[in-house]
Amino acid sequence: QVQLVESGGGLVQAGGSLRLSCAASGRTFSNYAMGWFRQAPGKEREFVGAIKANGRSTYYADSVKGRFTISRDNARNTVYLQMNSLKPEDTAVYYCAIDRAALRMVLTTTPETYDYWGQGTQVTVSS
């Protein structure tokens with residue numbers, strides 16, 4: 001049984017920073033890419049970024065590039081999302097997800113390629 005548990009959300013002022021964590025269990029974590037997505041009220045879930053299984057490659061949505069950084073610690077089965085220079089439009093519930101395919105060569109942005117999701121953590125950025 002795969003489980004993903006996010007933590008680290010909260011309320012922050014615009015320009016501030018937060019770091020989200022996602023702890024995984026139930027699968028050989030180091031074999032799978034991980035993704036971060038977010039969903040704002042009334043909007044569809046959108047891709048934020050992803051990191052390859054070995055942590056050597058990342059890919060980001062244009063809206064967060066240069067402000068957000070994804071990293072992972074395979075020894076701790078944990079992936080992180082460091083969010084800097086936060087804007088009110090970053091307000092959303094943030095989800096981590098694990099790729100359904102092991103050792104995928106190319107990072108993907110579509111939710112359908114991820115088969116397990118965390119419960120989500122709320123990030124609210126005040127102006």
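Below, all heavy atoms of this structure are taken into account, side chains as well, without hydrogens, waters or symmetry copies. Everything quoted here is computed from the prediction, not taken from an experiment.
Ion pairing of K87 with D90 is absent here, as no side-chain N (NZ or NE/NH1/NH2) approaches a carboxylate O to less than 4.0 Å. Salt bridge D99/K52: absent, no basic N to carboxylate O contact under 4.0 Å.
Taking CZ of R38 as the reference point, atom CD of Q122 lies at 12.0 Å (rounded to 0.5 Å). Rounded to the nearest 0.5 Å, atoms CG (N74) and OG1 (T28) are 10.5 Å apart. Separating the CZ atom in R56 from the CD1 atom in I51 is a distance of 11.5 Å, to the nearest 0.5 Å. The distance from atom OG of S7 to atom CG of L20, rounded to the nearest 0.5 Å, is 8.0 Å. The CZ atom of R67 sits 12.0 Å away from the OH atom of Y60 when rounded to the nearest 0.5 Å. Atoms CD and OG, on Q3 and S25 in that order, are 5.0 Å from each other to the nearest 0.5 Å.
In this structure, L81 and R19 have side chains that are not in contact, with every pair of non-hydrogen atoms separated by 4.5 Å or more. For the pair W36 and C22, the minimum side-chain heavy-atom distance is below 4.5 Å. A 4.5 Å side-chain heavy-atom check between V79 and I70 finds at least one atom pair inside the cut-off. Between T110 and F47, every side-chain heavy-atom pair lies at or beyond the 4.5 Å cut-off. T121 places none of its side-chain heavy atoms less than 4.5 Å from the side chain of V93. Contact annotation: the side chain of L4 never approaches that of Y95 to less than 4.5 Å [non-hydrogen atoms, C-beta and beyond]. Side-chain contact between S57 and L107 is present, with heavy atoms from C-beta onward closer than 4.5 Å.
Take Y114 and apply the ring pair (Phe, Tyr, Trp, His ring centres under 6.0 Å) test, not counting sequence neighbours, and it matches F37.
Distance alone, capped at 3.5 Å, places no donor-acceptor pair between the Y59 side chain and the V106 backbone. No donor-acceptor distance shorter than 3.5 angstrom exists from the side chain of R27 to the backbone of V2, with no hydrogens or angles considered.
Pairing each heavy atom of C96 with each of E6, the nearest pair is N-OE2, 2.7 Å. Of all the heavy atoms in L103 and A53, the pair that sits closest is CD2-CB, 4.2 Å. Closest approach of T78 to S21, counting heavy atoms only: CG2-CB, 4.3 Å. Closest of all the heavy-atom pairs between S127 and A14 is CA-CB, 4.4 Å. Taking all atoms of both residues into account, the shortest heavy-atom contact from T108 to A50 is O-CB, 4.3 Å. Here the closest non-hydrogen pair linking D62 and K65 is OD1-NZ, 3.1 Å.
Tracing side-chain contacts under 4.5 Å through hydrophobic residues (I, L, V, M, F, W, Y), one never reaches M34 starting from Y80; they form parts of separate clusters. Under a hydrophobic clustering in which Ile, Leu, Val, Met, Phe, Trp and Tyr are joined whenever their side-chain heavy atoms come within less than 4.5 Å, directly or via other members, W117 and I98 fall into different clusters.
With 3.5 Å as the limit, one finds a donor-acceptor pair spanning the side chains of N84 and S17. Neither side chain, T91 nor E89, offers a donor N or O lying under 3.5 Å from an acceptor on the other.
The side-chain tip of R72 points at the ring of F29 from less than 6.0 angstrom away and within 45° of straight on.
Crowding of R100 atom CZ: a count of heavy atoms from other residues, nucleotides or ligands under 6.0 Å exceeding 12.
Between Y94 and F68, the two ring planes are tilted [angle within 30° to 60°].
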